[in-house]
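Single-structure report; data block below.
In listed order, ligands and their atoms are each counted from 1. Both backbone and side-chain heavy atoms feed into the values below; hydrogens, waters and symmetry mates do not.
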Amino acid sequence: MLSSLVAGYGHAFPSRIVTNDDLSKTLDTSDSWVTSRTGIVTRRIAAKEDSTASLGARAAENAMAAGQCAANDIDAIILATTTPDHPMPSTAAKIQSMIGARKAFAFDVQAVCSGFIYALSIADHFIKGGAVKNVLVIGAEVMSKVLDWTDRSTCVLFGDGAGALLLQAKETSDRGEALPIARGVLSTHLFSDGNFYDMLYVDGQATSSNPCGVLKMNGRAVFAAAVEKMVESSELALAHNQLQLNDIDWFVAHQANKRIIDAVAERLGIPEEKVIITVDKYANTSAATIPSTLSIAASERRILPGHTLLLSAIGGGFTWGAAVLKW
Ligand code: UT7
């Protein structure tokens, strides 16, 4: 049987750091409000020369380097993004050109902040079906271009960045003998409910008269749904794999708000020391939060080979989901 193993990881952020104090110079907000309500202290904001494609390509190149995989050996590029460089063609195609992965097929996935879990699920199914061997699964966003910088209830929450995993098809049995422990993506679980469409959306349309809008959000409703749905999908993922909480080494949740992550971890019964937080430094980078957090924690040698990870996310739509991954 084929499994999707994590063979490499990478992340990339714009160099410009914007603090809460920086925002309070032009906005009626404060470091203490943002920190206490969200855990966010700083975020990275794209410069003119940064784009979703350039950040995604840098993260992908880092993942290929870590996995010692040449661009020519990449079979597929799946980019999760809600901020594509253009409405068409896909930003994944631009990344393909930037990294020189000539053999690959490439496409974008739009599931907002859950996009990476969706892209991971698609990649895993391609690999398990035997269609591809090396897949780049990327989450990349320039959220700063869809923010209303005069709306303090939304603009303080988001940032720009990218993360990528290189997934590689591996036989789980070696010369006919089953490996002792399953590795790679163990399962993915996806959900949507379009009845929540107007809880979190960008109000523009891809037309020449109204090319792009700004993000609108019912923060309290999103908060409540996030806790409920991330807990539900995480419990389902654990039960599906017959795992107990003790079997989980790390909980890597979508980094929207530290209070949401803390509440989910508490409801699940996951201790603080098993929860990875990057929202303090990078804020909510939508589809990029989970892959960049995985990459940062693996670079810091917190996530190690053999560790079992529970991933969970929720995003506009609503879309949500969970995954269990053996690193
Ligand atoms: O990927 C999913 C993305 N979405 C999210 O993660 C959002 C989830 N929701 C949240 O994180 C929280 O709902 C927020 C952080 C957005 C807001 O926190 P809250 O505790 O739910 O505050 P609130 O919306 O109830 O607002 C409380 C007060 C209001 O003032 P009044 O009406 O009580 O006078 C807001 O106007 O806080 C005010 N407020 C701010 N004050 C200072 C809202 N934003 C700010 C701000 N600075 N940036």
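- Using a 4.0 Å cut-off to heavy atoms of Thr38, the atoms of ligand 1 that qualify are 15 (C).
- By the 30° and 60° cut-offs, the orientation of the rings of Phe126 relative to Phe105 is perpendicular.
- None of Thr38, Thr42, Asp31 except one satisfies the side-chain hydrogen bond (donor to acceptor under 3.5 Å, both in side chains) rule with Asn20; the exception is Asp31.
- Here is the list of ligand 1 atoms found below 4.0 Å of a heavy atom in Cys113: 1 (O).
- Contacts of Leu27 with ligand 1, taken as heavy-atom pairs under 4.0 Å, are absent altogether.
- For Asp21 and Lys25, the salt-bridge test fails: no basic side-chain N is under 4.0 Å from an acidic carboxylate O.
- The nearest non-hydrogen atom to atom 4 (N) of ligand 1, considering only Arg152, Met217, Met199, comes from Met217.
- Counting only heavy atoms of the protein, atom 39 (N) of ligand 1 lies nearest to Trp33 CZ2, 3.4 Å.
- Annotation: the span from Gln168 atom CD to Ile74 atom CD1 amounts to 8.0 Å, rounded to 0.5 Å.
- Residue His254 has at least one N or O atom closer than 3.5 Å to an N or O atom of ligand 1.
- With respect to atom 12 (C) of ligand 1, the closest heavy atom belonging to the protein is Phe223 CD1, 4.0 Å.
- Summary of contacts: the protein heavy atom closest to atom 3 (C) of ligand 1 is Asn284 ND2, 3.4 Å.
- Numbered from 1 in the order shown, with element, the atoms of ligand 1 that lie under 4.0 Å from a heavy atom of Val156 read 48 (N).
- Only side-chain heavy atoms of Asn257 come within less than 4.0 Å of ligand 1; its backbone N, CA, C and O stay farther off.
- In this structure, atom 7 (C) of ligand 1 has protein heavy atoms in its sub-4.0 angstrom surroundings.
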- Message: Pair Trp320, Phe196 - check ring-ring contact (aromatic ring centres under 6.0 Å, His included), show working.
- Response: CA-CA 12 Å; Trp320 66 100; Phe196 293 97; 7.4 Å; no
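- Nearest heavy atom pair, residue Val252 against residue Ile290, reads O-CD1, 4.1 Å.
- Put simply, atom 33 (O) of ligand 1 has no protein non-hydrogen atoms near it, under 4.0 Å away.
- Of all protein heavy atoms, the one lying nearest to atom 47 (N) of ligand 1 is Thr29 OG1, 2.6 Å.
- Atoms of ligand 1 found under 4.0 Å from any heavy atom of Arg37, numbered from 1 in the order shown, are 19 (P), 20 (O), 22 (O), 27 (C).
- The presence of a protein heavy atom under 4.0 Å from atom 29 (C) of ligand 1 is ruled out.
- Of the charged side-chain nitrogens involved, at least one lies within less than 4.0 Å of a carboxylate oxygen, so that Arg152 and Asp28 count as a salt-bridged pair.
- Between Ile260 and ligand 1, a contact under 3.5 Å exists for no N or O pair.
- Of the listed residues (Arg220, Met143, Lys258, Gln255), the one carrying the non-hydrogen atom nearest atom 23 (P) of ligand 1 is Arg220.
- To the nearest 0.5 Å, atom CG of residue Leu136 and atom CD of residue Glu61 are 10.0 Å apart.
- Ring-plane geometry between His189 and His240 is classed as perpendicular, the angle between the planes exceeding 60 degrees on a 0 to 90 degree scale with a lower cut at 30.
- Classification of Lys274 and Asp249 as a salt-bridged pair fails, no side-chain N sitting under 4.0 Å from a carboxylate O.
- Atom 9 (N) of ligand 1 has as its closest protein heavy atom Gly219 O, 2.9 Å.
- Not a single heavy atom of Gly315 sits under 4.0 Å from any atom of ligand 1.
- Residues Thr82 and Gln110 bring a donor and an acceptor atom of their side chains to less than 3.5 Å of each other.
- Here the CG atom belonging to Leu294 is positioned 11.5 Å from the CZ atom belonging to Arg302, to the nearest 0.5 angstrom.
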